[in-house]
**Student:** 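First the structure, which I've put down as structure tokens, then a few questions once you've had a look.
Sequence positions, counted from 1, serve as the residue numbers for this chain.
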Amino acid sequence: MTVEEKFLDFAKAHNLPFRESDADGQKVFSFVISGTNGKYAGHALCLENERLFVFFIDFGLHVRKENLPEAAQRLMDINYNLKMGNFQMDSQNGLVIVRTCQGVYGTEEEQIGVIERSVLTAGMIADKYKDQLLREFS
């Protein structure tokens, strides 16, 4: 089965409404996930050739140009302590996202589990740091 088919199985199992779009020839599945501290715009990519599932959350943080070096250092410090997932920041527009990426292998159940862990991990990271980072850099 493809990574996309496993994602669609995951979405169906969780009654997850999503929309599909195209970004530079890559299919993107977008949906909202809810955490303890808010709702987040989630976006999933299924990279078939690499058998990777990539998930990222945009929680609305755009760092001002003058704060980019300080924010980059802060995010690097946070990333150092994360076991899975990371923050990424676009150096041009200051957009900060939380990203997870996992290889999708194993049985069908294990593959769905990988996708579920990627989505939940990104959500937990966003939940833990969102308010703090918004206060510091927005």
**Student:** How many angstroms lie between CD1 in Ile115 and NE2 in His14, if you round to the nearest 0.5 Å?
**Tutor:** 10.0 Å

**Student:** Sequence neighbours left out, what passes salt bridge (charged side-chain N to carboxylate O under 4.0 Å, His left out) with Glu5? Give chain and number order.
**Tutor:** none

**Student:** First locate atom CE of Met89, then atom CG of Asn67, and finally report the distance between them rounded to the nearest 0.5 Å.
**Tutor:** 9.5 Å

**Student:** Could you measure the distance from the NZ atom of Lys27 to the CD atom of Glu20? Nearest 0.5 Å is fine.
**Tutor:** 4.5 Å

**Student:** Before you tell me yes or no, could you show the steps for Val114 and Arg117 under side-chain contact (heavy atoms from CB on, under 4.5 Å), namely the whole-Å CA-CA distance, both residues' side-chain angles and the distance that decides it to 0.1 Å?
**Tutor:** CA-CA 5 Å; Val114 165; Arg117 278 190 303 281; 3.4 Å; yes

**Student:** Between Gln111 (side chain only) and Gly106 (backbone N and O only), is there a donor and an acceptor less than 3.5 Å apart?
**Tutor:** yes

**Student:** Give me the one residue out of Arg19, Glu4, His43 that meets side chain to side chain contact (heavy atoms under 4.5 Å, CB included) with Phe29.
**Tutor:** Glu4

**Student:** Identify the two heavy atoms, one from Leu61 and one from Asp58, that lie closest to each other, and give their separation to 0.1 Å.
**Tutor:** N-OD1, 4.4 Å

**Student:** Less than 6.0 angstrom separating the ring centers of Tyr129 and Phe59, yes or no?
**Tutor:** no

**Student:** Using a strict cut-off of less than 4.0 Å between a Lys/Arg side-chain nitrogen and an Asp/Glu carboxylate oxygen, indicate whether Asp9 and Lys6 qualify as a salt bridge.
**Tutor:** yes

**Student:** Give, for atom CG of Asn37 and atom CE of Met124, the distance between the pair rounded to the nearest 0.5 Å.
**Tutor:** 13.0 Å

**Student:** Show your working on side-chain contact (heavy atoms from CB on, under 4.5 Å) between Ser118 and Met84 and close with a plain yes or no.
**Tutor:** CA-CA 9 Å; Ser118 292; Met84 183 176 145; 4.0 Å; yes

**Student:** Hydrophobic clustering (ILVMFWY, side-chain heavy atoms < 4.5 Å, transitive) - are Val54 and Phe87 grouped together?
**Tutor:** no

**Student:** What is the distance from atom CG of Leu8 to atom SG of Cys46, rounded to the nearest 0.5 Å?
**Tutor:** 7.0 Å

**Student:** Any link between Val28 and Phe53 through a network of hydrophobic side chains (Ile, Leu, Val, Met, Phe, Trp, Tyr) touching at under 4.5 Å?
**Tutor:** no

**Student:** Taking only residues two or more places apart in sequence, or in another chain, which ones meet Phe55 in a ring-ring contact (aromatic ring centres under 6.0 Å, His included)?
**Tutor:** Phe31

**Student:** When Phe56 is tested against each of Ile97, Thr100, Val98 for side chain to side chain contact (heavy atoms under 4.5 Å, CB included), which residue passes?
**Tutor:** Ile97

**Student:** If we ignore angles and hydrogens, is there a donor and acceptor under 3.5 Å between the side chains of Arg51 and Gln102?
**Tutor:** no

**Student:** Do you know which two heavy atoms are closest between Leu75 and Leu133, and how far apart they sit?
**Tutor:** CD2-CD1, 3.9 Å

**Student:** What verdict does the side-chain contact (heavy atoms from CB on, under 4.5 Å) test give for Val96 and Asp90, after you've listed the backbone C-alpha separation in whole Å, the side-chain angles of each residue and the deciding distance to 0.1 Å?
**Tutor:** CA-CA 7 Å; Val96 175; Asp90 186 311; over 6 Å; no

**Student:** Tell me if the OH atom of Tyr105 is crowded by more than 12 foreign heavy atoms within 6.0 Å.
**Tutor:** yes

**Student:** Would you please say whether a donor-acceptor pair under 3.5 Å links the side chains of Asp22 and Gln26?
**Tutor:** no

**Student:** Which residue in the set Glu136, Arg135, Lys130 passes side-chain hydrogen bond (donor to acceptor under 3.5 Å, both in side chains) when paired with Gln132?
**Tutor:** Glu136

**Student:** Scan Arg64, Glu70, His62 and name whichever one has a side chain to side chain contact (heavy atoms under 4.5 Å, CB included) with Phe137.
**Tutor:** Glu70

**Student:** Rounded to the nearest 0.5 Å, what separation is found between the OG1 atom of Thr121 and the CG atom of Asn86?
**Tutor:** 12.0 Å

**Student:** With hydrophobic residues grouped by side-chain heavy-atom distances under 4.5 Å, do Ile57 and Leu95 end up in a single group?
**Tutor:** no

**Student:** Would the number of heavy atoms belonging to other residues, nucleotides or ligands and lying under 6.0 Å from CD of Glu109 be above 12?
**Tutor:** no

**Student:** Quick check: is Leu45 connected to Ile125 through a chain of hydrophobic side chains (ILVMFWY, heavy atoms under 4.5 Å apart)?
**Tutor:** no

**Student:** Compare every heavy atom of Leu52 with every heavy atom of Val3, then report the nearest pair and how far apart it is.
**Tutor:** CG1-O, 3.7 Å

**Student:** Starting from Leu47, can I reach Phe10 by hopping between I/L/V/M/F/W/Y residues whose side chains sit under 4.5 Å apart?
**Tutor:** no

**Student:** Pair Phe7, Ile112 - check side-chain contact (heavy atoms from CB on, under 4.5 Å), show working.
**Tutor:** CA-CA 7 Å; Phe7 168 75; Ile112 291 173; over 6 Å; no

